[in-house]
Every structure is written in structure tokens, then in C-alpha cells.
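Shown next, in C-alpha cells, is the structure this report addresses.
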Amino acid sequence: MNTINIDPCQESLISRANKVLPAGSFGNMPSNIVLERGKAGRVWDINKNEYVDFLLGSGPMFIGHAHPDVTKAIIEQAPRGTTFFANNQHGIKLAETICDAVACADQLRFVSSGSEATLYAMRLARAYRKRDKILKFEGGYHGMSDYALMSLAPKRLSNYPQPVPDSAGIPRQVSENIIIAPFNDKETVESLINEYHDELGGVIIEPFQRLIPPEDGFLEMLREITFKYSIPLIFDEIVTGFRFSYGGAQEYYNVTPDLCTLGKIIGGGFPVAAICGRSEIMRHFDKALVGEENFLPQIGTLSGNPLASVAGLATLDVLKSDLSYKKVFDTGRQLMEGLRVAMRNNGHIAEVIGEPPLFDVFFSSKKIKNYRDILQSDAKKAIKFNQLLRERKVFKGDSKFYISAAHDQDDIDLTILAMNDAAEELKKFSFYTNN
Ligand SMILES: Cc1ncc(COP(=O)(O)O)c(C=O)c1O
């Protein structure tokens with residue numbers, strides 16, 4: 001049932017991309033995917049193939065592509081100026097709106113990407129604590145900085161807390177200042193923090209790590225022990241902020257960190273991210289309060305620009321005033337259940353994990369509670385399943401269904417049909433695992 005059209009127009013764009021972009025791509029998705037348009041819960045590629053979109057631009061388009069309120073806000077702002085470098089009323093209003101919504105946010109600073117936000121959050125924690133080491137979790141993603149790219153996806157496993165760099169070009173000294181711990185393993189984390197607390201500047205975690213929910217009591221334990229030693233706890237909420245609830249994962253799981261990072265949804269599809277936190281720590285961005293030695297300069301050309309701010313504000317307005325969360329959770333629950341049934345009915349040993357706004361299937365017989373469990377799942381089978389879904393007009397990233405408030409019943413029905421059909425087709429392929 002391969003119904004994807006390919007035409008010469010796309011072929012020529014692909015070969016042009018191959019000339020000017022390393023690996024022919026922007027680095028995010030394979031070079032043979034060229035998208036042209038998005039509206040609500042759908043996208044169209046350059047060949048006019050229409051897909052139900054569960055990539056959502058890697059998450060920002062939570063209320064759907066080209067939402068009329070967001071489009072209107074952008075069109076009104078564009079002729080009035082798109083960036084000033086200086087303070088402006090829309091950026092200030094966006095900061096107020098976020099600080100009202102997010103429990104740990106007394107104050108915030110804007111940047112343009114999630115990678116920058118986590119880089120500053122770690123630096124801020126180190127400046128406040130006057131210690132160098134950061135504890136991060138194996139398999140946790142915090143963007144592309146040298147520190148974040150430690151044991152994100154190691155193929156060669158080392159003993160905790162030894163990090164493994166994920167990229168060429170990272171100075172060796174960075175490894176000396178990162179401690180790696182296993183997600184959802186209370187005992188190991190407690191014993192590492194007890195051992196290293198005097199060297200730790202901060203602990204950074206995705207409260208929902210990629211797709212893995214925290215086990216009962218895990219985040220609470222982390223809050224308690226970091227509080228005990230006065231180590232700043234950073235929740236990386238680039239993905240979960242305004243997605244799991246209006247107050248983010250810290251509201252959803254009811255654990256408040258000292259600092260958090262936000263991105264994706266708060267920019268409504270434009271480049272905005274933020275470092276948020278308690279004033280006592282955020283004051284390190286203010287030289288007048290902390291003096292030259294303790295001061296963190298933080299400058300960015302596009303920080304808080306009015307165009308991105310109005311897009312973010314329009315998005316947060318929609319989320320605050322309507323039933324978006326109920327809709328997203330209803331849609332996500334139906335699709336998670338549809339995916340489980342498709343797997344079961346076709347005899348695949350698989351686990352669907354996540355929360356309704358964000359989930360996926362792993363081909364594994366083991367309960368998945370951390371990165372090492374994911375490593376044991378059948379990645380080749382998952383890639384094939386994604387490919388079969390795409391041939392059936394369901395578009396997603398490698399390992400995530402992002403749900404939007406714009407997905408409707410037609411999108412759900414088409415997707416469940418595609419899941420069943422792809423799961424049946426998948427039986428024809430053999431994989432090299434014990435599943
Ligand atoms: C949890 C998390 N942190 C940080 C980032 C980096 O954000 P950006 O791609 O905006 O740099 C991402 C991106 O997906 C993310 O998922």
C-alpha cells in the first residue's frame with residue numbers, strides 16, 4: 001500500500017541540498033524528506049503528499065500549524081518591527097505570562113534555542129554553588145553544548161558515573177566535570193549525590209526523560225536530596241513545558257525545581273527559549289546585585305524579539321483559554337491504545353510508553369525505565385515501522401508521536417488504520433533480535 005508520489009521536482013531539490021548541505025540536510029531529518037506546507041495537524045511534502053503530522057516541527061506546533069490566532073499576531077507585528085535587541089512590551093508580557101504559569105519561575109531570561117537555555121542554566125547553577133561538576137542522566141537530552149553531549153546516547157557503556165562523549169570535538173576536560181547517573185534508579189542516584197555533593201554545582205534532568213516517565217517517588221527523592229545539600233535542581237522542560245499542563249511537568253508531577261528551561265511551545269514556532277528560576281539564583285544575571293566576580297553576562301541578538309514573543313503569547317493564550325489539554329490527552333490516549341492493540345493483534349512484542357501528549361512504541365519484552373532498557377529494544381524494527389507508517393501518510397520523527405490540539409477525529413481514525421496496516425506488514429520482515 002505504498003501511496004507516496006515522488007516527482008522530479010523533489011529529486012532536484014534533494015540534489016541541490018546535497019551540494020550545499022553536509023549529508024544533504026539541516027541535520028535533523030533525512031534529506032529525502034522535503035516539506036512544503038503545514039496546516040493544523042497535517043503537513044504536505046513538495047510532491048503534494050498529505051500526512052497526519054506527529055512531528056509538529058519537533059514539538060513547537062502544539063496547537064497545530066498556522067493556527068489563525070498565531071498567524072494574525074505575526075501579521076500584525078511584522079510591519080511594526082521584528083527585532084530590536086532592546087526591551088519591548090511583547091517580550092516583557094511573555095516573561096510575565098511564563099512567570100505566572102511556571103512554579104519555579106520568579107524571573108527568566110530569553111535566549112533563542114533550547115541548547116543555549118540549558119547551557120546557561122548549568123552555568124548559572126555553577127556560579128551560584130561555586131562548584132564545577134554537573135550531574136546529568138544517561139540518555140537525557142539537553143541540546144548540543146559540550147556539557148549536554150555527554151552520555152546522551154552512548155553505544156559503548158561505561159560504569160556510572162563516568163561520562164561518554166557523544167560528539168567529536170569535545171575537549172577532554174569536559175568529562176571531568178560531568179557525573180552520569182541512571183534515570184529512575186533511586187539508590188544509585190542517592191549514593192552518587194551523597195558521594196559527590198561537595199563538588200556538585202547542579203543536577204540537570206528531563207523530568208520525563210525522552211519518553212520515559214519518572215517512577216513514583218523518583219523526582220521527589222531528587223528534590224529532597226538536592227534540597228538537603230543546597231544543590232540547584234534544573235528541570236529541562238524544553239519539551240514538557242506548557243505541554244503536560246499549563247504549568248509544565250513540574251505542575252504535572254508536582255515537584256518544583258530551582259531552575260527550569262523552556263523552549264518549543266513558548267515561541268509558537270519561532271526561535272525562543274528561556275532560563276527560568278528562583279530570584280536568589282537568577283540574580284547572578286544582575287551585576288549590580290552580585291558584583292563583577294559572581295556575574296553571568298547573557299547576551300543574544302534575537303533574545304525576546306517582538307515577533308517571536310507575539311507568536312508565543314498567542315499560543316499561550318489559546319492554551320490558557322480553551323480545552324486544548326483535554327483534547328490533547330483524549331487524542332493521545334486513543335492513539336496509545338490504538339498502537340497497543342495494533343501491536344498485540346499482530347503478535348509484536350512491544351511496549352508503548354510515554355504520556356498522552358508524547359509517546360511511542362519500543363520493540364522490547366522488557367519494561368523500559370531508563371536508557372539502557374531502550375538500548376536493548378529493537379531499533380531496526382522501529383525504523384521499519386516508522387517507514388511503513390510514512391508510506392501510509394503518517395509522519396513522525398524517529399521515536400516520538402507528538403500530539404497537537406489540532407489533531408481531529410479524521411486524523412485519529414486515519415492513524416489507527418495506518419498503525420494496524422503497518423503492524424501487519426511489519427510481520428513480513430525479519431529482525432535480528434530475540435523479540
Ligand atoms: C529536552 C530538550 N532539551 C534541549 C533541547 C534543545 O533545544 P533546541 O533544539 O531548541 O536547541 C531539546 C530539543 O529537542 C530537548 O528536547
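As the structure is a computational prediction, the values presented were derived from the model and not from experiment. We count residues from 1, following the sequence as given. Note that ligands are numbered from 1 as they come in the structure, with each ligand's atoms numbered from 1 the same way. Quick note: numbers below take in every heavy atom, side chains included, and nothing from hydrogens, waters or symmetry partners.
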Salt-bridge test for E224 and K228: reply yes if a basic N is under 4.0 Å from a carboxylate O, no otherwise.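 No, no charged N to carboxylate O under 4.0 Å.
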
Answer yes or no: is there an ion pair linking R42 with E50, defined by an N-O contact shorter than 4.0 Å?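 Judged by the 4.0 Å cut-off on N to carboxylate O distance, R42 and E50 do form a salt bridge.
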
Side chain, backbone, both or neither: the part of [X] lying under 4.0 Å from ligand 1 by heavy atom:
{"X": "H142", "answer": "backbone"}
{"X": "K264", "answer": "side chain"}
{"X": "E237", "answer": "neither"}

Parallel, tilted or perpendicular: which one describes the rings of [X] and [Y], with boundaries at 30° and 60°?
{"X": "F218", "Y": "F137", "value": "perpendicular"}
{"X": "Y229", "Y": "H197", "value": "parallel"}
{"X": "Y325", "Y": "F62", "value": "tilted"}

Can you tell which of G114, G140, S145, S58 gets a heavy atom nearest to atom 10 (O) of ligand 1?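 Selected option, by shortest heavy-atom distance: G114.
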
Who's the nearest protein heavy-atom neighbour of [atom], and how far?
{"atom": "atom 16 (O) of ligand 1", "answer": "R210 NH2, 2.9 Å"}
{"atom": "atom 3 (N) of ligand 1", "answer": "D236 OD2, 2.7 Å"}
{"atom": "atom 11 (O) of ligand 1", "answer": "S115 N, 2.8 Å"}
{"atom": "atom 12 (C) of ligand 1", "answer": "Y141 CE2, 3.5 Å"}

Per the salt bridge (charged side-chain N to carboxylate O under 4.0 Å, His left out) rule, which among K396, R340, R210, K400 passes with D360?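 Filter result, single survivor: K396.
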
Cation-pi check, R243 onto F329 ring (under 6.0 Å, within 45° of axis):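 Output no; distance or angle outside limits.
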
Which of the atoms of ligand 1 are close to E206, meaning less than 4.0 Å from one of its heavy atoms?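 The atoms of ligand 1 under 4.0 Å from a heavy atom of E206 are 1 (C).
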
Looking only at distances, can you tell me whether any N or O atom of T118, backbone or side chain, sits closer than 3.5 Å to an N or O atom of ligand 1?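 No, since none of the N or O atoms of T118 sits under 3.5 Å from an N or O of ligand 1.
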
